[in-house]
Amino acid sequence: SPLTTTSPASEFFGINQSIRYGTSTSILSSTAGIVDTGTTLTLISTDALTRYTRATGAVQDNATGLLRLTTAQFANLQSLFFTINGVNFELTPNAQIWPRALNTAIGGNANSVYLIVNSIGTPTGEGLDFINGMTFLERFYSVFDTANKRVGFATTPFTTSTAN
Ligand SMILES: *[C@@H]1O[C@H](CO)[C@@H](O)[C@H](O)[C@H]1NC(C)=O
Ligand SMILES: *[C@@H]1O[C@H](CO)[C@@H](O)[C@H](O)[C@H]1NC(C)=O
């Protein structure tokens with residue numbers, strides 16, 4: 001994908017991307033954001049998070065600061081599709097959750113399911129409407145090509161891992 005020309009995302013490894021939940025629920029129309037190994041969660045604009053929260057039925061969990069699902073809701077969770085330069089990258093239900101073995105390490109309950117998608121704190125249209133952080137990047141092989149001003153992604157054997 002070429003780096004985005006939209007500022008301020010263009011000051012980083014910024015790209016244009018849209019996000020869809022399941023087959024047809026739009027979470028974020030094509031907009032600029034960044035790819036960042038220094039961010040743990042996958043962050044989206046406040047209005048996009050509202051759409052994601054409605055689609056998943058998640059509630060805000062005060063103990064962890066993350067969205068929380070019941071195990072029954074998790075069983076119905078659908079994939080999130082990140083469309084980058086015309087290609088869909090699928091973040092499976094398992095990829096959208098915090099590793100359950102680490103729930104208690106962040107103050108959570110061992111029997112709950114927490115989501116790694118969270119708020120960037122500002123509404124869509126600010127020129128930096130998402131951050132594809134490590135929770136996204138650990139599912140894809142990624143190449144940061146500064147010389148050619150582009151970022152590359154590819155699936156790996158771990159893209160659809162159910163390790164979480
Ligand atoms: C990214 O989106 C912006 C805003 O729609 C557009 O101007 C730009 O041409 C797109 N592509 C790149 C590579 O920046
Ligand atoms: C979480 O925090 C909000 C805002 O302070 C509060 O209204 C709500 O009751 C809290 N929920 C729980 C489960 O403690």
Side-chain angles (χ1 to χ4, degrees), residues 1-60 64-69 73 76-99 114-161 164:
S1 169
L3 295 184
T4 188
T5 53
T6 301
S7 176
S10 56
E11 292 165 30
F12 307 91
F13 276 102
I15 56 171
N16 288 348
Q17 164 181 278
S18 62
I19 304 176
R20 187 184 84 226
Y21 177 79
T23 50
S24 60
T25 304
S26 176
I27 300 297
L28 196 57
S29 299
S30 181
T31 189
I34 66 172
V35 182
D36 182 25
T37 58
T39 298
T40 301
L41 300 176
T42 294
L43 304 179
I44 56 178
S45 57
T46 47
D47 49 293
L49 192 73
T50 298
R51 289 186 282 276
Y52 178 72
T53 304
R54 278 203 203 106
T56 58
V59 294
Q60 179 68 37
T64 61
L66 301 183
L67 292 175
R68 188 184 69 222
L69 294 180
Q73 287 172 319
N76 289 319
L77 193 65
Q78 295 173 45
S79 289
L80 264 186
F81 295 92
F82 293 67
T83 305
I84 302 169
N85 203 28
V87 180
N88 284 326
F89 293 92
E90 179 177 4
L91 204 64
T92 64
N94 190 270
Q96 292 170 56
I97 70 168
W98 182 257
Y114 301 96
L115 295 167
I116 54 81
V117 179
N118 214 301
S119 174
I120 205 168
T122 47
T124 301
E126 305 268 305
L128 207 168
D129 297 333
F130 60 82
I131 300 179
N132 291 4
M134 275 310 293
T135 41
F136 174 90
L137 289 168
E138 67 190 6
R139 294 288 174 155
F140 301 99
Y141 189 89
S142 51
V143 177
F144 295 81
D145 184 357
T146 310
N148 296 301
K149 296 187 169 57
R150 60 187 183 171
V151 182
F153 299 104
T155 56
T156 83
F158 304 105
T159 297
T160 58
S161 162
N164 285 347

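One-based numbering, in listed order, for ligands and for the atoms of each.
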task: Apply side-chain contact (heavy atoms from CB on, under 4.5 Å) to Gln17 and Phe89, showing your working.
output: CA-CA 10 Å; Gln17 164 181 278; Phe89 293 92; over 6 Å; no

Worksheet item: Does Thr31 approach ligand 1 within less than 4.0 angstrom via side chain, backbone, both or neither, non-hydrogen atoms only?
Response: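 Neither part.
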
Identify, for atom 1 (C) of ligand 1, the protein heavy atom at the shortest distance, and state residue, atom and that distance.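 The closest one turns out to be Asn16 ND2, 1.5 Å.
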
- Tell me: protein heavy atom nearest atom 9 (O) of ligand 1, and distance?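 Protein heavy atom at minimum distance: Thr5 OG1, 4.2 Å.
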
- Item | atom 11 (N) of ligand 1 within contact range, any protein heavy atom under 4.0 Å |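 Looking at atom 11 (N) of ligand 1, one finds that a protein heavy atom does lie closer than 4.0 Å.
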
Is there a side-chain contact (heavy atoms from CB on, under 4.5 Å) between Thr42 and Asn118 once you walk through the steps?
CA-CA 6 Å; Thr42 294; Asn118 214 301; over 6 Å; no

* Proximal ligand 1 atoms for Leu3, defined as those under 4.0 Å from one of its heavy atoms ->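 Ligand 1 atoms under the 4.0 Å threshold to Leu3: 13 (C).
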
Near Thr6, which atoms of ligand 1 are under 4.0 Å from a heavy atom of that residue?
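By the 4.0 Å cutoff, the relevant atoms are 3 (C), 4 (C).
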
Checklist entry - Should the heavy atoms of other residues, nucleotides or ligands under 6.0 Å from CZ of Phe144 be counted, would the total exceed 12? => result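 Count over threshold, so yes.
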
Can you find a non-hydrogen atom of Ile15 under 4.0 Å from ligand 1?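 Judged by the 4.0 Å heavy-atom criterion, Ile15 does not count as contacting ligand 1.
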
* **Interatomic spacing from CG in Asn16 to CG in Asn85 - rounded to 0.5 Å** =>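 These two atoms lie 9.0 Å from each other.
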
(Q) So, taking the atom named CD1 in Ile84 and the one named CD1 in Ile19, what distance separates them when rounded to the nearest 0.5 Å? (A)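 Atom-to-atom, Ile84:CD1 and Ile19:CD1 are 8.5 Å apart.
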
Q) Are Pro123 and Thr46 side-chain neighbours, meaning at least one heavy-atom pair lies under 4.5 Å? A)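 Yes, close enough: below the 4.5 Å cut-off.
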
